[in-house]
Amino acid sequence: MSRSIVVLTGAGISTSAGIPDFRGPDGVWTKHPEQTSVYDIDAFLYNQKAREYSWRWQKESPVWNAQPGIAHKALVDLENAGMLSLLATQNFDALHEKAGNNPDLIVNLHGTIGTSHCMSCHAKYDTADIMARLDHEPDPHCRRKLPYKSNMPCNGLIKTDVVYFGEALPEGAMERSMSAAAKADELWVIGSTLEVFPAASIVPVAAQAGVPITIMNMGSTQYDRLATNLIHEDIAVALPRLVEETMQRYGNQQ
């Protein structure tokens, strides 16, 4: 008996990996609301100092150097057992990719810091390469040579693939996530406050389709009433246990 599980992850899965959340009681933006401007698209586009600050802040943020924790690795185990059909994440830390989940199964609802792009010609960049040169190029611009401009460099602004405030979510991300959630055997919500839309709307979509929902979060959420299973425990302990129990229950039936 195969099992199709869709997982939605939020900041709570990454706090054990050393990344503070943004909106919790001790969150970065709760304590320092002015830092939300780091991800303001208008400031980034039109203010060089804001751009330089945004790049520097991201390089120095725990997000950049963090490594996946035991909870991330548990979801790799779930995938290896053939039970993970889609992993939608509100996090842009790229830790699911670092942990070893198949990028084809991951939907980065709010983008990812792992890659970057030119906002003019759309050339792709590895963010690590940009970070390595940031001391010499604090305001990165595109170096791609354009044949239709006599091989002059494009010189467009480079930006990480994180979705900034004022930008749309990646095309098709929500549609793919909601479709998968509505068809799944289970939906697991791991470490999300379910306060940010449209990502949070995946939960009522699954509930309307009759999909059993597990919500694992230290605090309560507005959709706890829709859950068939509520877990208020340390995710680094509770998620590996849930994965192990699920693999034992359904793995024996395959």
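Values reported hereafter were calculated over all heavy atoms of this structure, with side chains retained and with hydrogens, waters and symmetry mates removed. Bear in mind the structure is a predicted one, so any value in this text is a computation, not a measurement.
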Item to check | Side chains of M216 and I13 in contact at under 4.5 Å (non-hydrogen atoms) | outcome: no
Next on the checklist: Parallel, tilted or perpendicular: which one describes the rings of W55 and F44, with boundaries at 30° and 60°?
Outcome noted: tilted
Item to check | Least distance between heavy atoms, G10 atom then N91 atom | outcome: O-ND2, 2.9 Å
Checklist entry - Quick one: does V163's side chain get under 4.5 Å of F92's, heavy atoms only? => result no
Checklist entry - So which heavy atom on A74 is nearest to which on P240, and how close? => result CB-CA, 3.8 Å
Checklist entry - Do C142 and P153 come within less than 4.5 Å of each other through their side chains, counting heavy atoms only? => result no
Checklist entry - Can any side-chain N or O of D93 pair as donor or acceptor with the backbone N or O of V63 at less than 3.5 Å? => result no
What side-chain donor-acceptor pairs closer than 3.5 Å can you find for residues 102-112, not counting sequence neighbours?
| from | atom 1 | to | atom 2 | distance (Å) |
| --- | --- | --- | --- | --- |
| N102 | OD1 | D104 | N | 2.8 |
| N108 | ND2 | E97 | OE2 | 3.0 |
| H110 | ND1 | Q90 | O | 3.0 |
| T112 | OG1 | G114 | N | 3.0 |

Next on the checklist: For a quick test of reading the model, state the closest non-hydrogen atom pair linking A238 to E233 and the distance between them.
Outcome noted: CB-CB, 4.0 Å
Checklist entry - Between S14 and A11, is there a donor-acceptor pair closer than 3.5 Å when you use the side chain of the first and the backbone of the second? => result no
Checklist entry - What's the spacing between R51 CZ and I158 CD1 if we round to 0.5 Å? => result 11.0 Å
Next on the checklist: Donor-acceptor pair, distance only, cut-off 3.5 Å: does the side chain of T221 make one with the backbone of Y223?
Outcome noted: yes
Checklist entry - For the atom pair CG (N65) and CE (M131), what is the distance rounded to the nearest 0.5 Å? => result 9.0 Å
Checklist entry - Any donor-acceptor pair under 3.5 Å linking the side chain of T246 with the backbone of L242? => result yes
Next on the checklist: Between S54 and A50 (side chain of the first, backbone of the second, donor and acceptor by atom type, cut-off under 3.5 Å), is there such a pair?
Outcome noted: no
Item to check | Derivation and outcome, ring-ring contact (aromatic ring centres under 6.0 Å, His included), residues Y39 and Y164 | outcome: CA-CA 5 Å; Y39 291 113; Y164 281 29; 5.2 Å; yes
Checklist entry - Is it the case that one hydrophobic cluster holds both V211 and V6, taking links as side-chain heavy atoms less than 4.5 Å apart, direct or via other members? => result yes
Next on the checklist: Between R143 and E137 (salt bridge meaning N to carboxylate O under 4.0 Å), is one present in this structure?
Outcome noted: yes
Checklist entry - If we only count heavy atoms from C-beta on, is the D224 to I215 side-chain gap below 4.5 Å? => result yes
Checklist entry - Counting only N and O atoms by type, is there a donor-acceptor contact under 3.5 Å from the side chain of S85 to the main-chain atoms of S4? => result no
Checklist entry - For G12, does its backbone N or O pair with a side-chain atom of T15 as donor and acceptor, under 3.5 Å? => result yes
Next on the checklist: For V76 and N101: C-alpha separation, side-chain torsions, deciding distance, then whether side chain to side chain contact (heavy atoms under 4.5 Å, CB included) applies.
Outcome noted: CA-CA 5 Å; V76 178; N101 280 115; 3.6 Å; yes
Next on the checklist: Is the shortest side-chain heavy-atom distance between M83 and Y250 below 4.5 Å?
Outcome noted: yes
Next on the checklist: Show the nearest heavy-atom pair for residues L95 and A66, with the distance to one decimal.
Outcome noted: CD2-O, 3.5 Å
Item to check | Flag for D161-H117: side-chain donor and acceptor within less than 3.5 Å | outcome: yes
Checklist outcome for this item: Closest non-hydrogen atoms of K73 and P68, given as atom of the first, atom of the second and distance, are CE-O, 4.0 Å
Next on the checklist: Would you compute the distance between atom CD of E186 and atom OG1 of T228 and round it to the nearest 0.5 angstrom?
Outcome noted: 7.5 Å
Checklist entry - So, the side chain of H141 versus the backbone of D139: is there a donor-acceptor pair under 3.5 Å, distance only? => result yes
Checklist outcome for this item: Applying side-chain hydrogen bond (donor to acceptor under 3.5 Å, both in side chains) to Q222 and not counting sequence neighbours gives none
Checklist outcome for this item: Rounding to 0.5 Å, atoms SG (C154) and NE2 (H122) come to a distance of 9.5 Å
Item to check | Backbone of M152 reached by a side-chain donor or acceptor of K145 within 3.5 Å | outcome: no
Item to check | T127 and T160 side chains, donor-acceptor separation under 3.5 Å | outcome: no
Checklist entry - In terms of heavy-atom contacts, does NZ of K98 have more than 12 from other residues, nucleotides or ligands at under 6.0 Å? => result yes
Checklist entry - Is any side-chain heavy atom of I190 less than 4.5 Å from a side-chain heavy atom of I235? => result yes
Checklist entry - Do the non-hydrogen side-chain atoms of V7 and L75 ever get within less than 4.5 Å of each other? => result yes
Checklist entry - Going only through I, L, V, M, F, W and Y residues with side-chain contacts under 4.5 Å, is there a path from V196 to I202? => result no
Item to check | L239/W188 under side chain to side chain contact (heavy atoms under 4.5 Å, CB included): CA gap, chis, key distance, verdict | outcome: CA-CA 10 Å; L239 183 56; W188 294 0; 4.2 Å; yes
Next on the checklist: Would you say I231 ends up clustered with L194 if hydrophobic residues are merged whenever their side chains have heavy atoms under 4.5 Å apart, either directly or through other cluster members?
Outcome noted: no
Checklist entry - Does some side-chain heavy atom of L87 sit less than 4.5 Å from a side-chain heavy atom of L8? => result no
Checklist entry - Does OH in Y46 sit with more than 12 non-hydrogen atoms of other residues, nucleotides or ligands closer than 6.0 Å? => result no
Next on the checklist: If you count heavy atoms of other groups shown closer than 6.0 angstrom to CD of Q208, is the number above 12?
Outcome noted: no
Item to check | L84 reachable from M178 in the ILVMFWY side-chain graph, under 4.5 Å edges | outcome: no
Checklist entry - Taking 4.0 angstrom as the limit, do E171 and R176 come out as a salt bridge? => result no
Checklist entry - Between I41 and K159, does a side chain to side chain contact (heavy atoms under 4.5 Å, CB included) hold up when you go through it step by step? => result CA-CA 10 Å; I41 189 60; K159 175 189 161 296; 3.9 Å; yes
Checklist entry - Same cluster for L157 and F165 if Ile/Leu/Val/Met/Phe/Trp/Tyr side chains link at under 4.5 Å? => result yes
Checklist entry - Got a second to check how far Q248's CD is from E245's CD, nearest 0.5 Å? => result 7.5 Å
Checklist entry - Counting distance only, does the side-chain N/O of H72 pair as donor-acceptor with the main-chain N or O of G69 below 3.5 Å? => result yes
Item to check | For the student: nearest non-hydrogen atoms of C118 and G156, plus distance | outcome: SG-CA, 3.9 Å
Next on the checklist: Please evaluate residues V162 and Q58 with respect to the criterion side chain to side chain contact (heavy atoms under 4.5 Å, CB included), reporting the C-alpha separation (whole Å), side-chain torsions for both, the decisive distance (0.1 Å), and the verdict.
Outcome noted: CA-CA 10 Å; V162 173; Q58 290 180 89; 4.2 Å; yes
Checklist entry - Charged N to carboxylate O below 4.0 Å: is that the case for D135 and R56? => result yes
Item to check | Distance (rounded to the nearest 0.5 Å) between S116 OG and I130 CD1 | outcome: 4.0 Å
